[in-house]
Amino acid sequence: MNLDLFDTLEPSDNRQQQLAQDAFVLRGFAIPYVPELLPALAAIQQAAPFRHLVTPGGLRMSVALTNCGRLGWTSDRHGYRYTATDPDSGRPWPAMPAVFLRLAQAAAAQAGFDAFMPDACLVNRYEPGTKLSLHQDKDEQDYNAPIVSVSLGIPALFQFGGHARSDKTERVPLFHGDVVVWGGVDRLRYHGVLPLKEGQHPLLGRQRINFTFRKAG
DNA sequence: AAGTACCA
DNA sequence: TACT
């Protein structure tokens, strides 16, 4: 018997879970959108393929990413920033599909953030073994808008920490269709994703796809 | 430093 | 904690 946290957890019937004052997990919230999300994702990655970026420290990120929307998050040796064009192609990032915007706005409203107007959607692709170290989202122009994070595919353990990197983190399992929304007093909390466990998802195979919606500009 | 190595 |  070798039961870890995942083995003991199922996609929850609790539709909404409060993580902190202004942070919520909306269980299965994205499920009704999935039939439209996946074809839209296929078009995005055709126009702007997933790629591995390098951090300002010069190290390769294990997670592969692309973007849609007016602005896209990128990183290189010189730092993190949002750009209007894909550095790999020189073309604008693919437009944000209407279904992406609808989902992001509905999730934000459900968590109490009205009139969310994201102009950036970072698309992260996790394969088993990949991770995203604890970090803050602080490359955006204003911190009033929340962050909306959509999970698809195989499950992950999300870490939600405090305002200092060394603060204790809460581990939250995220399953296909779950949406996490944080803003307000929790907007700058550290967060990350632990190394992905092996898995297979009926629609997405051996990967987890995450959409992170932000107001960057 | 959105990353890793190393230590206690 | 240190650090390219």
Side-chain angles (χ1 to χ4, degrees), chain A residues 19-20 22-23 25 41 44-45 48-88 93-94 96 100 104 118-174 178-183 186-197 207-217:
Chain A
L19 267 183
D22 294 323
V25 182
L41 170 63
I44 290 164
Q45 63 182 295
F50 284 107
R51 79 291 306 265
H52 291 274
L53 299 185
V54 166
T55 65
L59 299 166
R60 174 186 183 273
M61 294 176 67
S62 64
V63 169
L65 68 80
T66 184
N67 289 279
C68 68
R70 188 174 67 81
L71 295 170
W73 185 88
T74 58
S75 172
D76 61 25
R77 259 147 260 245
H78 308 295
Y80 308 135
R81 63 190 172 283
Y82 284 93
T83 62
T85 56
D86 179 346
D88 279 10
W93 294 107
M96 193 181 301
F100 278 42
D119 53 16
C121 176
L122 170 60
V123 183
N124 279 141
R125 184 189 66 198
Y126 297 76
E127 289 175 341
T130 69
K131 65 186 171 66
L132 196 57
S133 317
L134 218 51
H135 67 279
Q136 293 173 298
D137 291 9
K138 55 179 186 185
D139 304 315
E140 298 73 31
Q141 290 287 141
D142 88 86
Y143 298 147
N144 294 323
I147 306 291
V148 173
S149 171
V150 176
S151 295
L152 298 174
I154 64 181
L157 267 184
F158 181 64
Q159 297 178 292
F160 195 67
H163 287 89
R165 204 174 205 253
S166 55
D167 287 347
K168 185 169 72 73
T169 63
E170 181 170 354
R171 291 173 171 202
V172 183
L174 295 179
D178 292 347
V179 180
V180 185
V181 181
W182 67 99
D186 298 313
R187 171 62 178 74
L188 289 172
R189 297 214 8 197
Y190 276 87
H191 56 281
V193 176
L194 291 172
L196 233 71
K197 183 183 160 153
Q207 63 179 343
R208 169 175 185 261
I209 298 290
N210 176 263
F211 302 140
T212 307
F213 294 93
R214 306 184 177 103
K215 177 170 169 44

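All figures in this text were calculated on a predicted structure; none of them were measured in a lab.
With hydrogens and angles left out, the side-chain atoms of Tyr82(A) and Glu140(A) include a donor and acceptor closer than 3.5 Å.
Remark: dA2(C) base-pairs with dT4(B). Criterion, Watson-Crick or G-U wobble with two distances under 3.5 Å.
OP1 or OP2 of dG3(B) lies within a sub-4.0 Å distance of a side-chain N or O belonging to Ser133(A).
With rounding to whole Å, Leu132(A) atom CG is found 5 Å from dG3(B) atom P. Between the CG atom of Asn124(A) and the C1' atom of dG3(B) there is a distance of 15 Å, given to the nearest Å. Following rounding to the nearest Å, Gln136(A) (CD) and dG3(B) (C1') show an atom-to-atom distance of 16 Å. Distance Lys131(A) NZ to dG3(B) P: 5 Å, rounded to the nearest Å. Atom CZ of Arg77(A) and atom P of dG3(B) are 14 Å apart (whole Å). Distance Met61(A) CE to dG3(B) P: 5 Å, rounded to the nearest Å. Spacing between atom CG of Leu65(A) and atom P of dG3(B) amounts to 11 Å, rounded to whole angstrom units. Rounding to whole angstrom units, CZ of residue Arg165(A) and P of dT4(B) are separated by 11 Å.
Distance alone, capped at 3.5 Å, places no donor-acceptor pair between the His191(A) side chain and the Phe160(A) backbone. Checked by atom type and distance alone, the side chain of Asp167(A) never pairs as donor or acceptor with a backbone atom of Gly161(A) at under 3.5 Å.
Each of Val150(A), Leu41(A), Asn210(A), Asn67(A) was compared with Val123(A) under the side chain to side chain contact (heavy atoms under 4.5 Å, CB included) criterion, and only Leu41(A) meets it.
Val63(A) places none of its side-chain heavy atoms less than 4.5 Å from the side chain of Lys131(A).
The C1' atoms of dA1(B) and dC6(B) are separated by 16 Å, rounded to the nearest whole Å.
Here Leu53(A) lies out of heavy-atom contact (under 4.0 Å) with every strand. Across all strands shown, Arg81(A) has no heavy atoms under 4.0 Å from either base or sugar-phosphate atoms. Contacts of Thr55(A) with the nucleic acid, taken as non-hydrogen atoms under 4.0 Å apart, involve only primed sugar atoms and P, OP1 or OP2. Heavy atoms of Lys138(A) sit nowhere under 4.0 angstrom from any nucleic acid atom.
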